[in-house]
Amino acid sequence: MPQLALFNTLKREKQIFEPLDPNHVRLYACGPTVYNYAHIGNARMAVVFDLLTRVLKTLYPKVTYVSNITDVDDKIMQASKDTGEPIDAITRKYETIYNDDMAALGCDKPDIQPRATEHIGDMIALIEALIERGHAYDADGHVLFNVPSFENYGGLSGRSRDEQVAGARVEVASYKKDAADFVLWKPSNDDEPGWDSPWGRGRPGWHIECSAMSEKHLGLPFDIHGGGADLKFPHHENEIAQSCCAHGESDLAAFANVWVHNGFVTVEGEKMSKSLGNVTLVHDLVGKYPGEALRLTLLSAQYRQPLDWSVEKIQQNKKQLDRFYARLDEMKDMDATPDAVPESITAALCDDLNTPQALAEMNALLKEENSPELKSKLLAAGRVLNVLQKDPAAWLGFGGDNQDSDIQALLDERTAAKAEKNFARADEIRDELAAQGIEIVDTPEGPKWRKAN
RNA sequence: GGCGCGGUGGCAGAGUGGCUAUGCAGCGGAUUGCAAAUCCGUGUACACCGGUUCGACUCCGGUCCGUGCCUCCA
């Protein structure tokens, strides 16, 4: 069996992945805060961890992938104030949109997708444990994690004590014993979402939800914890501190064994930001381009590398898919048994998800003659990456032969013209249709047409 | 300032101490009434300067440049 190597941020090196329990691999990735449409950066995280889960599922008998929905957060409250929509309506709406958009990118829904608001009790229990162990304190309705109480704090992001700063959501400096202390629980006004707690009516800080939900659904320690590179600090650092301290552990790996962080997406060379107005929403993209082309584009760079998003790149990856689908179309009548993923592709993916290498290996397959074996290999490789599973003719756009009698009439006329060597008329018809965005492709089975792109 | 990442052919993007991916674009050719697709051929590129080595794009040191995090952020 091939061995999976992953770059472990915690150790800062690529390591052979060794599951804590080979019969059940467990991973968690920090999901979105649902107050707006997901952007292409959210999508990269979703696609990367979807792929990682697929690869793990080819290697191990049971894999549980948990990715949360953050549905309590000050940004959501702000969105509610801005739009007048109730908080629940906002979070449910964008949760649904998120899942739909990620599905369009070929991401399976995580095995478990917990909502923060449904785990408040677990968070409170965790906070209580932290207070009992002397790692947290309450101050006027706030509960803070005391960073100096955890000797190994900072081990993930590599920051020394002096450099630590607060990762709190709100300004509570006056309550802090240490500048680096961060909020576990904070009081809510009457018009804000809140839950009863030993410290009064309030709501959780950001980091505690992931500690609570990952432990609840996966148990501690679990194998892999992931998210975007920017979450390393403070979010993941604080998660580790909370989870370790709540259980009296000093080893950072007592929470999650391997940490995986995906790189950032820039757009046309610039960082995505609201001020630049270049936040690229998945929702807009899935309306314009095939989800599979978007997925492949997100996988066109190795996951840890920065990825620059551009229309040109989408089109390039779409073409790539066209080539694969064209070959699959040629082999449409062959029986394929896509069970075994070609070794070269498994090897590439097992090398820290080297998707560009996997793509290169798939291109190498195209050098082979058409055969049931080749078809099987392509489909099996495509299945791991979750591409190439569609009907080739439909992908290539040749599905609509019988749907438009006007076009069919012109095609018939052109065929007749060609038979009479009236090429002037034949070309005229080609031009006419081209003007309508219709492309004629002559094949051994006769002319076909599709919408040009 | 602290921590980190990166500079590869026109573009994208892997990788390796010697055998110099892959895709897109370009160019030449084949094929096609035309077109598309396809096929064949075509590019010794690895920021700069030193060092190690029989040999470095790959290892080490330095320089320059770009970039991420350190505040909410995937």
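Chain naming here is simple, since letters A, B, ... match the order of the sequence lines and numbering starts at 1 in each.
Using a cut-off of 4.0 Å between Lys/Arg side-chain N and Asp/Glu carboxylate O, Glu237(A) and Lys232(A) are scored as not salt-bridged. Under the 4.0 Å criterion applied to side-chain N and carboxylate O atoms, Asp322(A) and Lys318(A) are assigned as salt-bridge partners.
Of the two residues near RNA chain B, Arg12(A) and Pro32(A), the one whose nearest nucleotide lies more 5' is Arg12(A).
Base engagement by Gly41(A) is indicated by at least one non-hydrogen atom pair under 4.0 Å involving a base atom. Across all strands shown, Ile440(A) has heavy atoms under 4.0 Å from base atoms, whether or not it also approaches the sugar-phosphate. Within the nucleic acid shown, Arg430(A) comes within 4.0 Å of at least one base atom, counting heavy atoms only. Residue Arg304(A) is classed as having no contact, given no heavy-atom separation below 4.0 Å to the nucleic acid. If you check every strand for non-hydrogen atoms under 4.0 Å, Gln315(A) touches nothing. Looking at heavy-atom distances under 4.0 Å, Lys232(A) makes no contact with the nucleic acid at all. If you check every strand for non-hydrogen atoms under 4.0 Å, His39(A) touches a base. Looking at heavy-atom distances under 4.0 Å, Ser273(A) makes no contact with the nucleic acid at all. Across all strands, Ala301(A) comes closer than 4.0 Å only to sugar-phosphate atoms, never to a base (heavy-atom distances). Here Asn363(A) lies in heavy-atom contact (under 4.0 Å) with sugar-phosphate atoms only.
The distance between atom CG of Leu366(A) and atom P of C39(B), rounded to the nearest whole Å, is 8 Å. At whole-Å resolution of the value, NZ in Lys313(A) and C1' in U22(B) are 15 Å apart. Atom P of nucleotide C3(B) and atom CD of Glu237(A) are separated by 15 Å, given to the nearest angstrom.
The pairing partner recorded for G41(B) is C27(B), the criterion being a Watson-Crick or G-U wobble arrangement whose two distances lie under 3.5 angstrom. Of the nucleotides present, none pairs with C46(B) by Watson-Crick or G-U wobble criteria with both distances under 3.5 Å.
No more than 12 heavy-atom neighbours from other residues, nucleotides or ligands sit within 6.0 angstrom of NZ on Lys11(A).
With respect to His225(A), the ring-ring contact (aromatic ring centres under 6.0 Å, His included) criterion is satisfied by exactly one of Phe49(A), Trp259(A), Tyr65(A): Trp259(A).
The aromatic ring of Phe264(A) does not sit over the base of G68(B); the criterion of centres under 5.5 Å apart with planes under 30° is not met.
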